[in-house]
Amino acid sequence: MPKLRSLLLAAVALMALTAPGAAQSDYPNRAIRMVIPFPPGGSNDVVGRMVSTALGEKLGRQIIVDNRAGAGGSIGTAMVATAPPDGYTLGVVSIAHAVNPWMYKLPYDPKAFAPVGLMATGTNVLVIHPSLPVRSVKELVALAKQKPGELQYASAGVGSFQHLGTELFKLEAGIDLLHVPFKGGGPSMNDVLGGHTKIMMSSLVQTTPHIKSGRLLALATGGKKRNPVLPDVPTVAEAGVPTYEALNWWGIVAPAGTPQAIIDKLNAALSQVQDMPDVQKQFDLQGAAVQKMSPADFGKFVLTEMARWERVVKQANIKAQ
Amino acid sequence: MDLFNNLIFGFGVAFSLQNLLYCAIGVTVGTLIGVLPGIGPLATIAMLLPLTFNVPPVAALIMLAGIYYGAQYGGSTTAILVNLPGETSAVVTCIDGHQMARQGRAGPALAIAAIGSFVAGTFGTLLIAIAGPPLAEVALKFGAPEYFALMLMGLVAAAVLSTGDMAKSLAMVAMGLLLGIVGTDVNTGVQRFSFGVAELSDGIGFIVIAVGVFAIGEIVINLGNPEERRFFTDKIGRLMPSAEDLKKSLAPILRGTALGSFFGVLPGTGPAIASFSSYMLEKKVAKDPSRFGHGAIEGVAGPESANNADAQCKFIPMLTLGLPASGVMALMLGALTIQGIQPGPEVMTTRPELFWGLIASMWIGNALLVILNLPMIGLWVKLLKVPYRLLFPAIMAFSAVGIYSVNNSSFDIYLTALFGIVGFIWLKLGCNPAPMLLGYVLGPMMEEHLRRAMLMSKGDPSVFVTRPLALAFVLATVAILVIMVLPAVKARREVIQG
Amino acid sequence: MQKLEFRDNKDFWSGVMLVIVGAASVIVARNYAFGTSLRMGPGYFPTVLGSVLVLFGLYLMVAGLRRGEKIDPDWSLRGLILLPTSLVLFGILMSYTGFIPAMMVLVFGSAAAGTDFRPVEALILAIGLTVFTAVIFIWGIGLPYPLLMNW
């Protein structure tokens, strides 16, 4: 009975996945769980799955992706915080991880994680509907100063990177725009394409097709350097708001107290994964670029990001809870 | 003729052995996950996505699309047989479909669901081919005021859904509106009714409420009423619909298809709205509305066609503009991106084999689904012969895994248990849960759009009459109100005069 | 006038339920900004809806006393307690022991709610369904749940 046999094999294999862990020198000796604190389909999920698959191959053990969505990513991240620090539970974190501490009452200490490494960073694009009579960041700022609080921008929701990235822009440019939140990136893009709200800052991958078709105009990109996908579009800093810089990023963390040897092994494997042309190509397609960091540097990076967004949340007086 | 040539080209692509195979795999997997409650196309596609990396883009998309619309077919099966909505869109099918099964008419109910879905799928496919791009443009014209006016019309029409006690039905709609509010307020980010529970910050899941109230609440009622159970398992009538059934279903299928296509084109509406609207319409135009809720075949034919047309037309914004109208569509866009294809308006011209191949495959897939589903009916109906004492623990098992799999969350399971008890109490008190679900679906969207419309207009309510599309819906709402109130007024006048 | 009987009056208790839910909603919503009719805050809808529910509830209480429709007396208490309990146990066991024990307890516990409960048959059913669901969901679809966890 081939069916029964394969069934038994599957059962044995799955039980083996949960067998007790041995010494950490032979880590990993069973499957690793990668908690993605967002639902399937979003950028966090796509990026996390891609790296998990490749990372599992490098480590010689399967990495099981576990989507635990909810509460802006804090439910899944809380699971990682409370998991045993044995290297068998990891979590994908994104810019939301640096924003959530200032938006929500979290059931965990946002700084108490063992950083593993950065996966990639992604660029945001400031786009407008063509019916808005401006063609550059300078003109946009001038128009906004003429009509404070009247121009409207769309975002994927209160506390989303589209929201905070634009709030940072408002602070740095000294202007007032009205925030119109939507339930997710799709609906907000829809509204801007229809010309109902006319300004949005969103990811490269979400905006590029519409920039190319002329339905949206790109005024600037949010990174330090110009993005190779849109070489003619200046950065926000070049276009007149010199202090502005905001990036999306994705990284991996482990529960605090995970042995350093395991962290180092994971970081080394991640670094190899980041060198794979296939993986780099996939990141390109997601509008993101691979960026390597040591665990210690990634830890510092996360703290800097937290400080940046704490300032924005407090100065822009954004409240949720 | 261009369209004709394009379609022939598309069928050429879709009829290759490889693409046919992927189409068949997709619709089979889709049917399976559609039958199983809770686990939906979103989770399945997310998990199968990595498998498609090494498959050509056309084949990958054909398979993923097959899973998606296959699930809409499968969703009706458990709804009809055991009152368990396999997919969100199948909740409405429970109302009359399950009653038909209790009367020994499970076969015709399943068959009409499949036939209706096929007609709708065919029409939806044609619509994408003929008018995809212009329709997507029209959909973009819908801003917050238009969506609100449209939902208002739906809510007013919902009064029609009430069986018997109007006050109770309307109260249940309000109850649903309130349940829909739980979670993060989109407009301000404030958490409402979540009582500090992180899991509640994204609201109560549709499937949690639907399974809790419809499936578990009903099982508890059945357990207290042994007679009804015997009644339910003993009678199994004919498998295929009679000529009379077909005649009755024809118009509802066509109307359901039209409604479903309309809602399908609009990205801001969920899958349940199309089927609810169709149900309400059928009930309104029926000569004898009292049959609804007691096994009216029109109540299966209309909504099942509507949800399938909706599912097909959700492809329009995705294929023509690169806009995801739902989570599943976002995943498909993701699949394209991973394949190195930049989704967007250019796909139609730069990758015609993708666009036309997919469209042709959707029609083939729909045909496959009918071929797959009709012979299965005999098998499904046998499920009703399983003694209830074995059947209901199995329903519990599948419901539990399905719900758990949505968010991998134990909390959702506890919430389902709670809604099981609530549903039982509602049924005992004679409070019909169907209007509640409609309120739950429409409520949060209405509030969101109304408040957004007011935010954007700076508190000026005239947006609802100065924008032509919004005005049209407002006028239609008034018309519905008048039509509903007039008979009552007339009746009263006749009483006075007579 | 007939005797006012509300002990098992269907509509009366429907009304009571609506009043409780509506009032609770209004009270909780006082924590959220109400806004104005044209610029609604997060508290606007819950307050309005809660009030509407209270009004419907009061109407039903009165109407119920007048109509006097009775609640069906079969209470199926066994199912009402056992089914939700089995589900809750399933949720707990999924987090702490894995899929197999969780599913076994759920199926057996649910079966025990039936009026003609047969323990041996229920046990076989539990084993059968556990194997079946494990094959479909974990093996077939690939859901990431361990079959058994170790402590």
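By convention in this document, chain letters (A, B, ...) are assigned in the order of the sequence lines, proteins followed by strands, and residues within each chain are numbered from 1.
Below 4.5 Å, heavy atoms of chain B meet heavy atoms from L18(C), V21(C), S25(C), all part of residues 18-26 of chain C.
At a 4.5 Å heavy-atom cutoff, the contact between N408(B) and chain C is made by backbone and side-chain atoms alike. Using a 4.5 Å cut-off between heavy atoms, L106(C) touches chain B through its side chain atoms alone. Neither the backbone nor the side chain of F108(C) has a heavy atom closer than 4.5 Å to any heavy atom of chain B. Contact annotation for R118(C): only side-chain heavy atoms (C-beta onward) come within less than 4.5 Å of a heavy atom of chain B. Both the backbone and the side chain of I92(C) come within contact range of chain B, judged by heavy atoms closer than 4.5 Å. Residue S14(C) touches chain B through both its backbone and its side chain, counting heavy-atom pairs closer than 4.5 Å. Contact annotation for M103(C): only side-chain heavy atoms (C-beta onward) come within less than 4.5 Å of a heavy atom of chain B. With a 4.5 angstrom heavy-atom cutoff, D185(B) touches chain C only via side-chain atoms. For F392(B), the part lying near chain C is the side chain, with the backbone staying farther off; criterion is any non-hydrogen pair under 4.5 Å.
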List the atom pairs, donor and acceptor, that lie under 3.5 Å between side-chain atoms in residues 43-52 of chain C and the rest of the protein, sequence neighbours left out.
unit_1	atom_1	unit_2	atom_2	d
T47(C)	OG1	G43(C)	O	2.6
S51(C)	OG	T47(C)	O	2.6

Can you give the donor-acceptor pairs under 3.5 Å from side chains of residues 122-130 of chain C to other protein atoms, not counting sequence neighbours?
unit_1	atom_1	unit_2	atom_2	d
T130(C)	OG1	A126(C)	O	2.5

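At least one donor-acceptor pair under 3.5 Å links the side chain of N83(B) to the backbone N or O of F214(B).
Take F424(B) and apply the ring pair (Phe, Tyr, Trp, His ring centres under 6.0 Å) test, not counting sequence neighbours, and it matches W75(C).
Note on ring orientation: taking the six-membered ring where Trp is involved, the planes of F464(B) and F148(B) are tilted (angle from 30° to 60°).
Considering all non-hydrogen atoms of both residues, C431(B) and K168(B) come closest at SG-CE, 4.2 Å.
Side chains of M436(B) and L179(B) form a contact here, defined as non-hydrogen atoms less than 4.5 Å apart.
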Would you sort out whether V28(C) and F195(B) count as a side-chain contact (heavy atoms from CB on, under 4.5 Å), showing the intermediate values? CA-CA 10 Å; V28(C) 174; F195(B) 308 108; 4.2 Å; yes
Show, in sequence, the C-alpha distance, side-chain angles and deciding distance for I181(B) and L177(B), and conclude whether the side-chain contact (heavy atoms from CB on, under 4.5 Å) test is met. CA-CA 7 Å; I181(B) 280 176; L177(B) 291 167; 5.8 Å; no
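The local environment of CZ in F132(C) is sparse, with at most 12 non-hydrogen atoms from other residues, nucleotides or ligands closer than 6.0 Å.
By number of non-hydrogen pairs under 4.5 angstrom with chain B, the leading residue of L82(C), L80(C), I71(C), I136(C) is L80(C).
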